[in-house]
Amino acid sequence: MKKDTNSQLYALLFVLALVVNLSGIGLKFFTDDPALYASIAKNLIYKKDFLQLFTYNQDWLDKPHFPFWLVMCSFKLFGISEWTYRLPALLFFLLSGLYTYLFTKKFYSNEIAVMAVLILMTAQSAIMSNTDVRAEPYLMGLVIGSIYHIARLNERYSFGQLLIAALLTACAIMTKGLFVIVAIYGALLGQLLFQKNLKSLFSFKWVFLGLLTLLFILPECYALYIQFDMHPEKVVFGTQNVSGIKWFLWDSQFGRFVSSGPITRKSSDVFFFVHTLLWAFAPWCLLFYFAIYKNFKEVFQKRKLPEYYAFCGGLLLLLIFSVSRFQLPFYTNTLFPLFAVITAPYAFMQLNKVENNIRLTSQWLYIILLPVAVLLIHFFSQPGTQLWFIIDCVATIIIIFLIATRVMENYKKAFMLACTIALFVNFYLNTTFYGELIQYKGQITAANYINQSQFNSYQVYSLRTENNIFQFYCKRPVDFIPLEQFNTSKTPTTSLFFVSQPSMDQLVKNKAEFKVVASFTDYPQENILPAFINATTRKNVLGKVYLISKQ
């Protein structure tokens, strides 16, 4: 009976995790990157060009094509909207859950596999990335999928496994660049190293895997060749003779990491991801660190682990992220399936008294602190609607009661409570807090204003390339004019220009001649400042955006 009860609660938590991860699918964009990527996919449809990427009618070279192709297909099938942009990414996130289950079950047990899936589906940044969609949900499914099929291939040769592994690896490369092979092939290398079987690296199946992967990335290389290598006269990153293929194979990621490409950062913090994971992989980060310690201890004591793929692939890429100069919080999302595989056994296995106390403490800290944070945010932000917050609280209380009364083992009780609290937090964010934030995004309001019928004949321009929320919601192509060329540019008399507050300040300073057509309240930050959360001080961090015309 106890086992059946646990299974039912696991199933309930899984269903609720699905609901929470899908609950933000229809939210309007409130950060720049997702709006940029959606705009680029929209331009593929506008231009009827499958191969070349454009933003503001200018060539764009910053990410490979695979996600844009999928979003374009979604737009064509279901129409252009926020939910159709997020749909392909959510499907790949679900694929990551499936492969996490299959991989973990293969090397551990069914219950540990279920726990691994729940860890993945309740990790803070994973849920956030399903609303604030970039490339990471795609990579989560593709990387763990590649490793799973490589693990199958390592045990026994199968052309089917070889084909799928190569295809998934190629799609991962066409999503983010060659760096993803560090996790995929690093996982294989670590497994063979600890199996003392490195000589099998020269087996024909691994050579064939590499050749097939190269074959499958040819569409990406061809698209970049057509847009850039065939046109050395194009100015990209402020220079000519830019090779799209070289950018894809090196500059897009490896160049960033060593700060040798066109997009660089001057400094980095080697411990950036150590403290970032405390919130990004909440509520599992401390347990994950404990699992890493235990795995290292087992390796140094020469005790055999069930598998080394997750441990080696995950930590190798995390190390490269940590020493690189280009660090963003969501980079590690790619590795969350591997982190979940590492963590899940230590959420389940029997431990000695001291270790068990460490495990319980690592989870109870989050169980207590996360809901306190939500309650404080809700109290100070004073959202206009309370319905979803009430539903969230009632559902959470019911689930906590079921767990407290039906689960006997303390470690399983803590695990399920941590899942519940993570879902409580993120359902609140998706249904209440983000909605409050979106009300203050002036780019959306400005786009809705310009979409009125009286402006149908107007040409629309932006004076910055970071106004991508406006670009997406504007129901026509938006061109770009550099701020310094506003006075000298030749534009139709029926033109409107979208201007952010910094651009407006610069125009005024330059004594440009223009007329304000409309202005809109705007919260210009992507980071959520405490002053914005507090409804009484919110006005202090709000600004304006404008639609202007030339006089």
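- Donor-acceptor pairing under 3.5 Å is lacking for the side chains of Asn295 and Glu298.
- Atom-to-atom distance recorded for Lys205:NZ and Ser158:OG is 10.5 Å, nearest 0.5 angstrom.
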Can you give me every donor-acceptor pair (side chain of residues 177-191, partner residue at least two apart or in another chain, under 3.5 Å) with its distance?
{"unit_1": "Gln191", "atom_1": "OE1", "unit_2": "Tyr308", "atom_2": "N", "d": "2.7"}
{"unit_1": "Gln191", "atom_1": "OE1", "unit_2": "Tyr309", "atom_2": "N", "d": "3.4"}

* Asked: Could you go step by step and tell me if Ser500 and Asn467 meet the side chain to side chain donor-acceptor pair (under 3.5 Å) rule?
  -> CA-CA 8 Å; Ser500 61; Asn467 298 324; 4.6 Å; no
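- Taking the salt bridge (charged side-chain N to carboxylate O under 4.0 Å, His left out) definition, one finds that Lys106 meets it with Glu155, sequence neighbours left out.
- Judged by distance alone, the side chain of Asp32 and the main-chain N or O of Asn468 form a donor-acceptor pair under 3.5 Å.
- In this structure, Thr84 contributes its side chain and Gly79 its backbone to a donor-acceptor pair below 3.5 Å.
- Few gaps surround CZ on Phe107; more than 12 heavy atoms of other groups in view lie less than 6.0 Å from it.
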* Derivation and outcome, ring-ring contact (aromatic ring centres under 6.0 Å, His included), residues Phe415 and Trp284 -> CA-CA 9 Å; Phe415 175 83; Trp284 311 111; 5.0 Å; yes
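- Counting heavy atoms of neighbouring residues, nucleotides and ligands inside a 6.0 Å radius, atom OH of Tyr293 does not exceed 12 of them.
- Relative ring orientation between Phe68 and Trp60 is described as perpendicular, the plane-to-plane angle rising above 60° on a 0-90° scale split at 30° and 60°.
- Identified under the salt bridge (charged side-chain N to carboxylate O under 4.0 Å, His left out) test for residues 131-149, with sequence neighbours left out: Asp33-Arg134, Asp132-Arg134, Glu136-Lys176.
- The aromatic rings of Phe78 and Trp83 are tilted relative to each other, their planes meeting at an angle between 30° and 60°.
- Note: Phe75 and Phe472 have tilted aromatic rings, judged against thresholds of 30 and 60 degrees for the angle between ring planes.
- A donor-acceptor contact shorter than 3.5 Å links the side chain of Asn43 to the backbone of Ser39.
- Geometrically, Lys47 engages Phe54 in a cation-pi contact, judged by NZ or CZ lying under 6.0 Å from the ring centre and within 45° of the ring axis.
- One finds the CD atom of Gln471 at 9.5 Å from the CG atom of Asp479 (value rounded to the nearest 0.5 Å).
- Between Phe311 and Phe194, the ring center distance fails the sub-6.0 Å criterion.
- Looking only at distances, a side-chain donor or acceptor of Ser146 sits under 3.5 Å from a matching main-chain atom of Thr169.
- Proximity of a side-chain donor or acceptor of Ser243 to a complementary backbone N or O of Lys246 within less than 3.5 Å is detected.
- By the ring pair (Phe, Tyr, Trp, His ring centres under 6.0 Å) test, Tyr99 is found to be paired with Tyr148, His149, residues two or more places apart in sequence or in another chain being considered.
- In this structure, the side chain of Gln240 does not engage the main chain of Pro232 through any donor-acceptor pair within 3.5 Å.
- Taking Lys294 as the reference, Glu355 meet the salt bridge (charged side-chain N to carboxylate O under 4.0 Å, His left out) condition, with sequence neighbours excluded.
- With sequence neighbours excluded, the residues that form a side chain to side chain contact (heavy atoms under 4.5 Å, CB included) with Pro329 are Phe272, Thr276, Trp279.
- The distance between the ring centers of Phe93 and Tyr138 does not fall below 6.0 angstrom.
- Taking the six-membered ring where the residue is Trp, Phe66 and Phe92 present perpendicular rings, their angle passing 60° and hence far from 30°.
- Considering only heavy atoms from C-beta on, Val341 comes within 4.5 Å of Tyr108 through its side chain.
- Ser362 is not listed as a side-chain neighbour of Phe290, based on a closest heavy-atom distance of 4.5 Å or more.
- The backbone N or O of Leu70 lies less than 3.5 Å from no partner atom in the side chain of Ser74, so there is not a single donor-acceptor pair.
- For the residue pair Asp59 / His231, no side-chain donor-acceptor distance below 3.5 Å is found, with atom types taken as modelled.
- Remark: the backbone N or O of Ile226 is not paired with any side-chain donor or acceptor of Asp229 at under 3.5 angstrom.
- For Trp247 (side chain) and Val242 (main-chain N/O), no donor-acceptor pair under 3.5 Å exists by modelled atom type.
- Residues Ile112 and Pro345 share a closest heavy-atom pair of CG2-N, 3.8 Å.
- Relative ring orientation between Phe281 and Phe339 is described as perpendicular, the plane-to-plane angle rising above 60° on a 0-90° scale split at 30° and 60°.
- With Gln124 contributing its side chain and Ile127 its backbone, the two residues share no donor-acceptor pair below 3.5 Å.
- Residue Tyr222 places its OH atom among 12 or fewer non-hydrogen atoms of other residues, nucleotides or ligands, all under 6.0 Å distant.
- By the 6.0 Å and 45° rule, Lys234 stacks over the aromatic ring of Phe228.
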